[in-house]
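What follows is a single structure, written as structure tokens, with notes after it.
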Amino acid sequence: MGKLWLIEGLPGSGKTTFAETFVTRGSSYKFYSEIDASHPVDLHDVHWVEGDIRFEGEVIDQDGEGRFVRYRAGEAIYGTDVYELPFEKHVDLMIGRWHRFVERAQRDEVDYVFECAILQNPFTIGMVSQHVPNEQIERYIETVAALITPLDPTVVYLETNDVPAVFRNVYAERPPEWQQGFVDYYTTRAYGRANGLDGIEGTIRLLEERQQRELKVLSHLSLRTIRIVNDERRALEAFDKLWNKEGAGHADA
């Protein structure tokens, strides 16, 4: 069934719930959330440090002359958050991370389950944060897709039909600090500023556009993909039906 499962979809689409339940089906599965400090690829709250600089943090990886550093509370922070680097530099470093991961994964006995790694993260930094041309984001994703081919990957995309309703439900369930932080990020970064987005309505407009772009690039990738509309939270049931369809390379529900 492949050594890599990539769970994608908008915030509130049910990615984490799906992944956490999915991995209970076999002892070889290992789920890494997008903020997992031990994630083999993603770099949540990690800084890129170049040059001969002394620092207190923990080096978790290296690439050429630079280091990926995670700082503990109270430590002086040097370098730049990996997700705040210019898009081209971010892509270069992440391609290196993917390459090293694939080399390791082919030798071990783990079947990996990631969320947000191949679509959400590239579109969040490339589209939402930096508003780079969509072609650059698609090339990045296509490069990753080619790199991970030896792992026989499957992308499970949990699609949202009614983005306004689902997002408003998620928004209402989250604490005030999440509400403010999420809406601010989506409306005050480069894409939001360029398109005059504001508040919850502006956030929803961006989420709808993001999903359209993600589904477009997904349809062009030469990866096994499964699309499931999950507004009713029945993704696993739908997944089982689709997975059992003989010869399905791209399947929708």
Side-chain angles (χ1 to χ4, degrees), residues 1-9 13-44 46 60-63 68 82-83 90-126 137-159 214-228 235-236 238-240 242-252:
M1 291 172 65
K3 290 183 63 65
L4 178 61
W5 294 81
L6 299 158
I7 317 303
E8 294 286 343
S13 61
K15 297 184 297 295
T16 301
T17 300
F18 179 92
E20 289 176 341
T21 305
F22 180 78
V23 297
T24 64
R25 297 182 168 195
S27 59
S28 65
Y29 292 121
K30 171 63 176 175
F31 170 50
Y32 290 90
S33 77
E34 60 180 320
I35 63 172
D36 196 317
S38 61
H39 200 293
V41 178
D42 276 349
L43 292 163
H44 176 71
V46 171
I60 65 168
D61 194 8
Q62 290 188 246
D63 192 312
F68 297 96
V82 173
Y83 289 96
H90 172 84
V91 169
D92 181 60
L93 294 176
M94 293 306 297
I95 292 298
R97 288 278 291 177
W98 278 107
H99 180 75
R100 292 189 292 278
F101 162 68
V102 171
E103 287 189 333
R104 295 193 306 270
Q106 290 179 86
R107 299 191 298 266
D108 60 33
E109 301 299 324
V110 176
D111 295 326
Y112 293 89
V113 181
F114 296 166
E115 62 174 355
C116 312
I118 195 170
L119 294 176
Q120 175 170 296
N121 289 347
F123 275 103
T124 297
I125 183 174
I137 305 171
E138 292 188 348
R139 284 197 299 271
Y140 170 29
I141 294 168
E142 288 163 359
T143 301
V144 173
L147 278 174
I148 63 178
T149 299
L151 303 181
D152 189 22
T154 299
V155 180
V156 178
Y157 194 97
L158 303 183
E159 189 173 349
E214 290 178 352
L215 291 173
K216 176 177 177 288
V217 69
L218 184 63
S219 70
H220 297 155
L221 297 180
S222 56
L223 299 177
R224 183 189 302 111
T225 63
I226 296 176
R227 282 174 55 181
I228 301 170
L236 277 166
F239 170 84
D240 288 337
L242 290 172
W243 187 254
N244 290 328
K245 284 185 178 180
E246 188 173 350
H250 289 257
D252 299 337

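Every value quoted in this text rests on a predicted model; they were computed, and no experiment measured them.
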(message) Test your reading of the model: is there a side-chain donor-acceptor pair from His90 to the backbone of Val82, 3.5 Å cut-off?
(response) yes
(message) Does either side chain, that of Thr16 or that of Glu115, offer a donor lying less than 3.5 Å from an acceptor on the other one?
(response) yes
(request) Starting from the C-alpha separation in whole Å, work towards a yes-or-no answer on salt bridge (charged side-chain N to carboxylate O under 4.0 Å, His left out) for Arg25 and Asp111. (result) CA-CA 12 Å; Arg25 297 182 168 195; Asp111 295 326; over 6 Å; no
(request) Please tell me if the side chains of Phe101 and Leu147 come closer than 4.5 Å, counting only heavy atoms from C-beta onward. (result) no
(request) Output, in order, the C-alpha distance, side-chain angles, deciding distance and verdict of side-chain contact (heavy atoms from CB on, under 4.5 Å) for Glu214 and Phe123. (result) CA-CA 8 Å; Glu214 290 178 352; Phe123 275 103; 3.5 Å; yes
(request) Could you grab the distance from atom CD1 of Ile35 to atom CG of Asp42, nearest 0.5 Å is fine? (result) 11.0 Å
(message) For a quick test of reading the model, state the closest non-hydrogen atom pair linking Tyr32 to His39 and the distance between them.
(response) CB-CD2, 3.4 Å
(message) Is there a side-chain contact between Leu218 and Arg227 in this structure, where contact means two heavy atoms from C-beta onward sitting under 4.5 Å apart?
(response) yes
(request) Would you check if Pro40 and Arg104 make a side-chain contact, meaning some heavy-atom pair closer than 4.5 Å? (result) yes
(message) Using side-chain heavy atoms (C-beta onward) and a distance below 4.5 Å, is Asp63 in contact with Arg100?
(response) yes
(message) Keeping Thr24 on the side-chain end and Glu20 on the backbone end, is there a donor-acceptor pair under 3.5 Å?
(response) no
(request) Could you tell me whether the side chain of Thr149 and the main chain of Ala146 form a donor-acceptor pair under 3.5 Å? (result) yes
(request) Measure the spacing between OG1 of Thr17 and CD1 of Ile7 and express it to the nearest 0.5 Å. (result) 12.0 Å
(request) Count the heavy atoms of every other residue, nucleotide or ligand shown that sit under 6.0 Å from CD of Gln106, and state whether that count exceeds 12. (result) yes
(request) Decide if the gap between the ring center of Trp5 and the ring center of Phe114 is smaller than 6.0 angstrom. (result) no
(request) List the atom of Ala235, the atom of Ile228, and the distance in Å for their closest heavy-atom pair. (result) O-CD1, 3.6 Å
(request) Keeping the roles fixed (side chain from Glu8, backbone from Ile118), state whether a donor-acceptor pair exists under 3.5 Å. (result) yes
(request) Can you measure from CD1 (Ile95) to OG1 (Thr143) and round to the nearest 0.5 angstrom? (result) 5.0 Å
(message) Testing the basics here: between Pro122 and Ala117, what is the closest heavy-atom pair and its distance to 0.1 Å?
(response) CD-O, 3.8 Å
(message) Please check this pair: side chain of Glu138 against backbone of Val217, looking for a donor-acceptor N/O pair closer than 3.5 Å.
(response) no
(request) May I ask you to test the Thr21-Val23 pair for a side-chain heavy-atom distance under 4.5 Å? (result) no
(message) Quick check on the 6.0 Å ring-centre criterion: do Phe239 and Phe18 meet it?
(response) yes
(request) Say whether, by atom type as modelled, one donor and one acceptor occur between the side chain of Lys3 and the main chain of Glu109 under 3.5 angstrom. (result) no
(request) State yes or no: are the ring centers of Phe31 and Phe22 separated by less than 6.0 Å? (result) no
(message) Within this structure, what is the CD-CG distance for the pair Glu142 and Leu221, rounded to the nearest 0.5 Å?
(response) 6.5 Å
(request) Would you please indicate if the ring centroids of His44 and Tyr83 are separated by under 6.0 Å? (result) no
(message) Is it the case that the side chain of Lys30 and the backbone of Val110 share a donor-acceptor pair, with hydrogens and angles ignored and the cut-off at 3.5 Å?
(response) no
(request) Report yes or no: does Arg97 contribute a side-chain atom to a donor-acceptor pair with the main-chain N or O of Val41 at less than 3.5 Å? (result) yes
(message) Between Asp152 and Arg224, is the salt bridge (charged side-chain N to carboxylate O under 4.0 Å, His left out) condition met? List the steps.
(response) CA-CA 8 Å; Asp152 189 22; Arg224 183 189 302 111; 2.9 Å; yes
(message) Working to the nearest 0.5 angstrom, can you tell me the gap between Tyr157 OH and Gln120 CD?
(response) 8.5 Å
(message) Would Ile141 and Leu119 count as a side-chain contact (heavy atoms from CB on, under 4.5 Å) here? Give the steps.
(response) CA-CA 7 Å; Ile141 294 168; Leu119 294 176; 3.9 Å; yes
(message) Within the structure provided, determine whether Arg139 and Val91 are in side-chain contact (heavy-atom separation under 4.5 Å).
(response) no
(request) Rounded to the nearest 0.5 Å, what's the gap from OH on Tyr112 to OG on Ser28? Could you check? (result) 11.0 Å
